[in-house]
J.: 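Structure below; questions to follow.
Just so you know, ligand 1 is whichever comes first in the structure, and atom 1 is the first atom listed for that ligand. The shown structure was predicted, so the numbers you read here are calculated from the model rather than taken from an experiment. Every heavy atom of this structure was used, including side-chain atoms; hydrogens, water molecules and symmetry mates were not. For this chain, numbers begin at 1 and follow the sequence in order.
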Amino acid sequence: MTDIENLFARHKTCVAHRRVHFDLAARRDTLRRLKHAVHTREDAIIAALAADFGKHPAEVRLTEILPVYQEINHALRHLSRWMRPKRVMPGLTMIGTSARLRPTPKGVALVIAPWNFPFNLALGPLVSALAAGCSAIVKPSEMTPATSTLIAEMIADNFDPELVAVVQGGPDVANALLAQPFDHIFFTGSPAVGKIVMAAAAKTLASVTLELGGKSPVIVGPDADIAKAAKWIVWGRFFNAGQTCVAPDHAYVHADVHDEFVAALYAQIAKMYAGNAALAKIINARHWDRITALIEDAKAKGATVIGDTDRESRRIMPTIVTGAAPDMEIMKEEIFGPVLPILSYDDLDSVLGQINDAPHPLALYVFGGKSLADQVTAATTSGSVGVNLTILPFIHPNLPFGGIGNSGMGAAHGKHGFDAFSHMRPLLRNRFIPLPLIFPPYTATVEKLVKFVVRFVRR
Ligand SMILES: NC(=O)c1ccc[n+]([C@@H]2O[C@H](COP(=O)([O-])OP(=O)(O)OC[C@H]3O[C@@H](n4cnc5c(N)ncnc54)[C@H](O)[C@@H]3O)[C@@H](O)[C@H]2O)c1
């Protein structure tokens, strides 16, 4: 038996014997312990993310630590209601029964996390798994060794390994874990690896939540408040150096406001990133090479590019690509870096056509009046829609967060995350249902009764 098989078997046994935290008090205790563990390590988390890719402490607090506290507090506040069995009305044919839907822990959960928000995206789904009463094995990203090691130590110091365990490693370790018959797999990462995860889950029939990525467009309409649009788009595109799944990937800007918008972008970049102290590094040289190759290809195909790069420090300064066109590589793959291509448009229908011809995005942003937002929302499909803001649908505690098609399946956060790790188990109790009156033998009276019942239901 390998270490992973052994660990999984121990989780399975504990879950089967309800030895892990199952009732409300125990789950709350687990969540409080997790909160305390994070609270006592805030400085270490900031240091780990600085070591992994130069994230600014304020950004770590806002995008890695705060969302985890929010997820824990929200669960602590609402868990008792989420866990309560829900009464379900009987409908005509079930009169004489009482029905309840009881959220039941799925069992042993696997959480596979990416590198871009390595703390938040490992811990957030873990909160949902623990709130739902599951045990969990977490595999953080191998690309952020300092943060992943910190997560492993923090969990080992605070939890029985049969309740929560962290297994570190890359694709090999992920695949060894995926071979185990988990009860639910929560994967956050690229669409390419999402397909590998789903294929593996098909072998064990594990249910999956897939939080994937893709190109999230933003549309800036002729009636947009340009200064406000530029502020939200610069913030959403460039924090974490653009390595954000819900970042606006490229912008369609109405020709009437194009020049004003581009000027406003530069003004905002100068304001937010003067001196570049706030800008994170690109995660590694491979990604730096990939992103700068996209920039070079756009330049070679006629785009105007403003923004500096430095391989030594793995920095790419906030970069604007004007005159971008669909044939450029930068318009074909998720950029996942601090680069914003701008496409000028006159005809909204052609923009909607381009969005609909591409895989469904994780997020879609619209800047403009209500009628533009309504028109775009009605004509397209995406994981979420943000109007006159960016990123925030991810942070809202009561909105489901998830993609559709290429950008993912299922939902995370709050009650939706709890539901992902729960089986809604129907419980139907017989009180005085008269159905046995029409059990065989089918005498003339029974037949008449059956006919009557069918007529009654049909009417
Ligand atoms: N929807 C969301 O919530 C969300 C959040 C963050 C990132 N993302 C997406 O994640 C991607 C960036 O993250 P990433 O580069 O870490 O993603 P990734 O898919 O390369 O890696 C994610 C995880 O999968 C593992 N993995 C990698 N290759 C594997 C393989 N062949 N078999 C099994 N496991 C494998 C990694 O070790 C890591 O833990 C982007 O596409 C981004 O949009 C989505």
J.: Taking all atoms of both residues into account, what is the closest heavy-atom pair of Arg81 and Lys86, and its distance?
T.: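 Distance-wise, the nearest heavy atoms are O-NZ, 3.3 Å.
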J.: With heavy atoms only and a cut-off of under 4.0 Å, state how Ala113 meets ligand 1: side chain, backbone, both or neither.
T.: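 The answer is the backbone of Ala113.
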J.: Using a strict cut-off of 4.0 Å, indicate which atoms of ligand 1 neighbour a heavy atom of Asn116.
T.: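 Checking each atom against Asn116, I get 6 (C), 7 (C).
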J.: For atom 25 (C) of ligand 1, which protein heavy atom lies nearest, and how many Å away is it?
T.: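 Checked against all protein heavy atoms, atom 25 (C) of ligand 1 sits closest to Ile112 CG2, 4.2 Å.
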J.: Classify the ring geometry of Trp82 against His78: parallel below 30°, tilted from 30° to 60°, perpendicular beyond 60°.
T.: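 Correct class here is parallel.
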J.: Counting non-hydrogen protein atoms only, what is the nearest one to atom 13 (O) of ligand 1? Give residue, atom name and distance.
T.: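 Answer, as residue, atom name and distance: Pro114 CB, 3.4 Å.
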J.: If you count the atoms of ligand 1 from 1 in the order shown, which ones are under 4.0 Å from a heavy atom of Glu211?
T.: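 What qualifies from ligand 1 is 1 (N), 2 (C), 3 (O), 4 (C), 44 (C).
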J.: May I ask you to identify the nearest protein heavy atom to atom 35 (C) of ligand 1, giving residue, atom name and distance to one decimal place in Å?
T.: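 The answer is Val193 CG1, 3.4 Å.
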J.: For ligand 1, indicate whether the residue Phe117 contacts it via side chain, backbone, both or neither (heavy-atom separation under 4.0 Å).
T.: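 Under 4.0 Å from ligand 1, Phe117 contributes no heavy atoms.
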J.: Please work out whether any backbone atom (N, CA, C, O) or any side-chain heavy atom from C-beta onward of Cys245 is under 4.0 Å from ligand 1, and answer side chain, backbone, both or neither.
T.: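 Cys245 to ligand 1: contacts from backbone and side chain alike.
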J.: Considering only the protein, which heavy-atom contact is closest to atom 32 (N) of ligand 1, and what is its distance?
T.: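 So the nearest neighbour among protein heavy atoms is Asn175 ND2, 3.3 Å.
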J.: Considering only heavy atoms of Ala174, which atoms of ligand 1 have at least one such atom less than 4.0 Å away?
T.: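 Here the atoms of ligand 1 in question are 33 (C), 34 (N).
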J.: State the atoms of ligand 1, each with its element, that fall below the 4.0 Å cut-off from a heavy-atom position in Leu121.
T.: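 Those of ligand 1 that fall under 4.0 Å from Leu121 are 5 (C), 6 (C).
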J.: Glu142 heavy atoms, cut-off 4.0 Å: which ligand 1 atoms fall inside?
T.: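 So the atoms of ligand 1 that pass are 36 (C), 37 (O).
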J.: Does the side chain of Asp310 pick up a donor-acceptor pair with the side chain of Ser313 at under 3.5 Å?
T.: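 On atom types as modelled, these side chains qualify, holding a pair under 3.5 Å.
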J.: As an exercise, state the distance from CH2 of Trp235 to OG1 of Thr244, rounded to the nearest 0.5 Å.
T.: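 Separation between the atoms: 9.0 Å.
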J.: Given side chains that start at C-beta, do those of Met317 and Tyr273 come closer than 4.5 Å, heavy atoms only?
T.: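 They are not in contact (no side-chain heavy atoms under 4.5 Å apart), so the answer is no.
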J.: Between atom NE2 of His11 and atom CG of Asp183, what is the distance when rounded to the nearest 0.5 Å?
T.: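 The CG atom of Asp183 is 12.0 Å from NE2 of His11, to the nearest 0.5 Å.
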J.: Students should be able to answer this: which protein heavy-atom is nearest to atom 15 (O) of ligand 1, and at what distance?
T.: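 Its nearest protein heavy-atom neighbour is Trp115 NE1, 2.8 Å.
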J.: Between His287 and Phe336, does the ring centre distance come in under 6.0 Å?
T.: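 They do not qualify: ring centres at least 6.0 Å apart.
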J.: Classify the side-chain pair His423/Lys106 by whether it contains a donor and acceptor separated by less than 3.5 Å.
T.: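 The answer is no; no qualifying pair exists.
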J.: When you look for heavy atoms under 4.0 Å from ligand 1, do you find them on the side chain of Leu212, its backbone, both, or neither?
T.: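 It is the backbone that gets close, since no side chain atom is under 4.0 Å.
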J.: Look at ligand 1 and say whether Phe401 reaches it with a heavy atom at a distance under 4.0 Å.
T.: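 Contact present.
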J.: So is Gly408 in contact with ligand 1, going by heavy-atom distances below 4.0 Å?
T.: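 Per 4.0 Å heavy-atom rule, Gly408 does not contact ligand 1.
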J.: What orientation do His413 and Phe401 show, parallel under 30°, tilted 30 to 60°, or perpendicular over 60°?
T.: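 Plane angle under 30°, so parallel.
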J.: Who's the nearest protein heavy-atom neighbour of atom 40 (C) of ligand 1, and how far?
T.: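 Here the closest protein heavy atom is Glu334 OE1, 3.5 Å.
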J.: In the protein, what heavy atom is nearest to atom 22 (C) of ligand 1, and what distance, to one decimal place, separates them?
T.: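 Of the protein heavy atoms, Thr188 O, 3.7 Å lies nearest.
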J.: Note the single closest protein heavy atom to atom 18 (P) of ligand 1, along with its residue, its atom name and the distance in Å.
T.: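 For this ligand atom, the closest protein heavy atom is Ser190 OG, 3.6 Å.
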J.: Would you indicate whether the side-chain heavy atoms of Tyr365 and Val387 approach each other to under 4.5 Å?
T.: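 A side-chain contact is absent here, since even the closest heavy-atom pair is not under 4.5 Å.
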J.: Determine whether a donor-acceptor pair (N or O, by modelled atom type, separation under 3.5 Å) exists between the side chain of Glu64 and the backbone of Arg61.
T.: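 The answer is no, because no donor-acceptor pair under 3.5 Å joins these two groups.
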J.: Under the side chain to side chain donor-acceptor pair (under 3.5 Å) criterion, do Ser216 and Asp249 qualify, and how do the steps go?
T.: CA-CA 5 Å; Ser216 297; Asp249 177 274; over 6 Å; no
J.: Check whether the side chains of Lys55 and Asn240 place a donor and an acceptor atom closer than 3.5 Å, and report yes or no.
T.: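 Judged by distance alone, the side chains do pair up.
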J.: Tell me whether Arg311 is salt-bridged to Asp289, with the criterion being a basic N under 4.0 Å from an acidic carboxylate O.
T.: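 Salt bridge: yes.
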J.: Report yes if Lys139 has an N/O atom closer than 3.5 Å to an N/O atom of ligand 1; otherwise report no.
T.: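 For ligand 1, there is an N or O atom that lies under 3.5 Å from one belonging to Lys139.
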J.: Looking at non-hydrogen atoms alone, which of Pro171, Gly170, Ala363, Gly189 comes nearest to atom 30 (C) of ligand 1?
T.: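 Heavy atom nearest to atom 30 (C) of ligand 1 belongs to Pro171.
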J.: Under a 4.0 Å heavy-atom limit, does Leu362 contact ligand 1 with its side chain, its backbone, both, or neither?
T.: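 It is the side chain that gets close, since no backbone atom is under 4.0 Å.
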J.: Numbering the atoms of ligand 1 from 1, which are under 4.0 Å from a heavy atom of Phe336?
T.: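 Heavy-atom distances to Phe336 below 4.0 Å select 12 (C), 40 (C), 42 (C), 43 (O).
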